[in-house]
A.B. asks: 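Dropping the structure in here first, questions after.
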Amino acid sequence: MDWQDVLARRSGRMKASEIRELLKLLDQPDILSFAGGIPDPALFPAEAFRAAMNDILTGPESGAALQYSVSEGYRPLRDWIAGQMTALGIPCGAANIFITSGSQQALDYLGKLLLDPGDTAMVAWPTYMGALGAFNAYEPRYARLDPQANRPAADLAAEAKAAGGRVKFAYLSADFANPTGETLDRAGREALLDMADALDCAVIEDAAYQALRYDGDPVPPILALELARKGDLDACRTVYCGSFSKSLSPGLRVGWVCAATPVIQRLVLLKQAGDLHSPTLNQIATARVAAAQFDAHVARLRAAYGARRDAMLAALARHMPAGVRWTRPEGGMFVWLTLPEGMDGADLLARSLASEKVAFVPGRAFFADGSNGNTLRLSFSCASESMIDEGISRLGRLIRSA
Ligand SMILES: Cc1ncc(COP(=O)(O)O)c(C=O)c1O
């Protein structure tokens with residue numbers, strides 16, 4: 001059978017993620033990898049999860065834990081998350097919280113909910129490539145989101161209309177973005193809300209790394225700033241996507257959406273048609289571990305990752321030749337490098353793997369238009385401080401010779 005003849009049009013925009021391919025390299029012992037943006041498994045609260053799961057499966061909740069459950073998610077977990085959101089300046093209750101199978105599922109569902117083919121999705125340049133992967137299936141056109149310097153809303157709206165749709169949302173990570181590590185300041189968040197009001201579009205706030213701040217002052221979430229303006233969560237256009245992947249465990253696949261109830265209700269319908277609900281046992285265990293030790297565990301992560309961030313910035317300062325620029329993230333897992341004009345991150349990776357045994361992610365895949373080949377993403381989350389210095393020294397040598 002020729003599958004090309006039966007594939008839907010949307011499948012034409014699906015392609016393998018460069019990151020997924022690269023993750024295979026982590027298994028090769030001689031590669032120093034700054035490629036995968038994943039948490040360090042040595043820092044997982046494995047013992048807490050083992051005890052929680054054991055307790056759940058041997059106690060009165062075992063039946064419920066192994067049974068089908070409601071699409072909204074496990075109520076005690078939603079209550080705990082509502083408490084966290086309240087502490088972040090977004091007072092809300094369980095009715096505003098929807099549990100997802102990771103925040104990736106939220107991005108897919110929001111694409112499904114909001115995008116018709118030809119609609120415009122505004123995304124940062126560069127942006128999380130998994131978001132592009134999620135949205136691509138719904139056939140949007142992408143426009144550049146630059147909250148500090150956006151073009152007039154009327155121009156953006158006219159271009160979206162000429163392309164056959166309208167601007168449906170602006171998507172961004174305001175804290176420690178993947179791939180740049182950068183944080184959008186308060187003025188930028190306010191400007192983004194002004195733009196969204198003018199365009200009458202949604203804002204998707206991807207807060208996957210929100211808990212991982214190593215220094216600097218926290219900036220209120222975009223949803224908190226909007227709530228301060230409008231006074232009612234149900235009047236807000238911002239949809240906040242949270243995740244336990246970077247704070248507790250990505251393998252359990254537990255994330256959440258905090259938003260106006262009309263959005264939550266529609267997401268619940270999508271989940272009923274998608275996977276019914278996220279794994280019940282994982283939600284109950286996450287609720288228990290989070291309630292018992294979220295803050296203490298995140299404090300340990302901040303200390304460990306913060307030291308690795310420092311080691312990477314120090315190594316870059318020591319080993320990078322003139323003409324290479326990089327970001328100085330206050331949190332998260334990534335540093336973003338800009339190479340001299342004309343150099344290509346993908347070519348550099350091929351050479352680096354062959355001669356220096358250092359892996360990273362070439363930057364092009366993070367741009368909706370595939371531009372800016374002279375960039376690359378480094379992750380410090382899984383590297384020891386000595387390995388960081390050695391890997392960056394090798395990379396600096398290669399870039400200097402190139
Ligand atoms: C910015 C961003 N958003 C969302 C995700 C998806 O995370 P998860 O589905 O594990 O919550 C990731 C994963 O790396 C990410 O970097």
Side-chain angles (χ1 to χ4, degrees), residues 17-23 26 33-41 43-44 73 77 81 84 97-112 121 123-136 145 169-184 203-213 221-222 239-258 267 271 274-275 278-279 282-283 286 290 294 298 301 305 327 329-336 360-361 363 365-368 377-382:
S17 143
E18 279 183 58
I19 291 199
R20 292 279 164 271
E21 291 302 307
L22 279 163
L23 279 177
L26 295 178
S33 180
F34 304 122
I38 58 177
D40 183 347
L43 298 171
F44 289 150
L77 179 62
I81 292 168
Q84 290 291 108
I97 307 294
F98 165 68
I99 303 295
T100 57
S101 298
S103 53
Q104 188 68 28
Q105 184 175 57
L107 301 180
D108 176 41
Y109 283 2
L110 289 166
K112 203 179 227 176
V123 296
W125 231 252
T127 194
Y128 168 50
M129 70 168 81
L132 297 176
F135 302 149
N136 276 346
L145 175 68
F169 60 76
Y171 161 81
L172 83 165
S173 270
D175 290 309
F176 331 124
N178 181 0
T180 63
E182 286 176 330
T183 296
L184 183 62
V203 173
I204 301 177
E205 176 172 25
D206 182 337
Y209 298 90
Q210 193 274 336
L212 298 181
R213 173 175 281 283
I222 297 167
V239 179
Y240 180 105
C241 303
S243 176
F244 288 103
S245 289
K246 316 299 177 181
S247 54
L248 294 181
S249 156
L252 294 178
R253 310 303 304 133
V254 185
W256 71 91
V257 168
C258 176
L267 289 171
K271 198 155 173 77
D275 62 355
S278 295
N282 295 2
Q283 293 187 63
T286 299
F294 186 83
V298 165
L301 295 182
Y305 291 142
T327 55
E330 293 184 333
M333 297 184 170
F334 307 109
V335 176
W336 178 249
F360 52 83
V361 183
F366 298 99
F367 292 89
R377 190 193 76 179
L378 298 170
S379 169
F380 49 81
S381 58
C382 285

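Indexing begins at 1, ligand by ligand and atom by atom, following the structure's order. All residue numbers in this chain count up from 1 along the given sequence. Just so we're clear, the structure is a prediction, and the values are computed from it rather than from any experiment.
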A.B. asks: Under 4.0 Å from any heavy atom of S243, which atoms of ligand 1 are there?
C.D. replies: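 Atoms satisfying the 4.0 Å criterion: 8 (P), 11 (O).
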A.B. asks: Is it the case that K271 and Q105 place a side-chain donor and acceptor less than 3.5 Å from each other?
C.D. replies: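 Result is yes, a qualifying pair exists.
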A.B. asks: Which of the atoms of ligand 1 are close to Q104, meaning less than 4.0 Å from one of its heavy atoms?
C.D. replies: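 Close to Q104: 6 (C), 8 (P), 9 (O).
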A.B. asks: Are T327 and T180 linked by a side-chain donor-acceptor pair shorter than 3.5 Å?
C.D. replies: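 No, because no side-chain N or O of T327 sits under 3.5 Å from a partner of the opposite role on T180.
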A.B. asks: Less than 4.0 Å is my threshold; does some heavy atom of Y209 fall inside it relative to ligand 1?
C.D. replies: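 True for this residue.
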A.B. asks: Do Y171 and D206 get their side chains close enough for a donor-acceptor pair, meaning under 3.5 Å?
C.D. replies: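 Judged by distance alone, the side chains do pair up.
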A.B. asks: For atom 14 (O) of ligand 1, which protein heavy atom lies nearest, and how many Å away is it?
C.D. replies: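 Among all protein heavy atoms, the one nearest atom 14 (O) of ligand 1 is K246 NZ, 2.8 Å.
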A.B. asks: Going by atom types alone, do Y109 and Q104 pair a side-chain donor with an acceptor below 3.5 Å?
C.D. replies: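 No, no side-chain donor-acceptor contact under 3.5 Å.
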A.B. asks: Among R253, M333, M129, Q105, which one puts a heavy atom closest to atom 9 (O) of ligand 1?
C.D. replies: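 The residue whose heavy atom sits nearest atom 9 (O) of ligand 1 is R253.
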A.B. asks: Starting from atom 5 (C) of ligand 1, locate the nearest protein heavy atom and write down its residue, its atom name and how far away it is, to 0.1 Å.
C.D. replies: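 Ranking protein heavy atoms by distance from atom 5 (C) of ligand 1, first comes Y128 OH, 3.4 Å.
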A.B. asks: What's the shortest distance from atom 10 (O) of ligand 1 to any protein heavy atom, and which residue and atom give it?
C.D. replies: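 Closest protein heavy atom to atom 10 (O) of ligand 1: S245 OG, 2.5 Å.
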A.B. asks: Using the benzene-type ring in the case of Trp, are the ring centres of W125 and F366 under 6.0 Å apart?
C.D. replies: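 No - the distance between ring centres of W125 and F366 does not fall below the 6.0 Å cut-off.
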A.B. asks: When you compare ligand 1 with D206, is there at least one nitrogen or oxygen pair between them that comes in under 3.5 angstrom?
C.D. replies: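 By distance alone, the answer is yes.
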A.B. asks: State whether the shortest distance between N or O atoms of S103 and N or O atoms of ligand 1 falls below 3.5 angstrom.
C.D. replies: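 Yes - when backbone and side-chain N and O of S103 are compared with those of ligand 1, one distance drops under 3.5 Å.
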A.B. asks: So, N178 and S173: side-chain donor and acceptor under 3.5 Å apart, yes or no?
C.D. replies: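 N178 vs S173: no donor-acceptor pair found between side chains.
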A.B. asks: Under 3.5 Å between any N/O of S173 and any N/O of ligand 1: does that happen in this structure?
C.D. replies: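 No; the residue has no nitrogen or oxygen that sits under 3.5 Å from a nitrogen or oxygen of the ligand.
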A.B. asks: Hey, is the main chain of V239 close enough, under 3.5 Å, to the side chain of E205 for a donor-acceptor pair?
C.D. replies: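 Answer holds: no.
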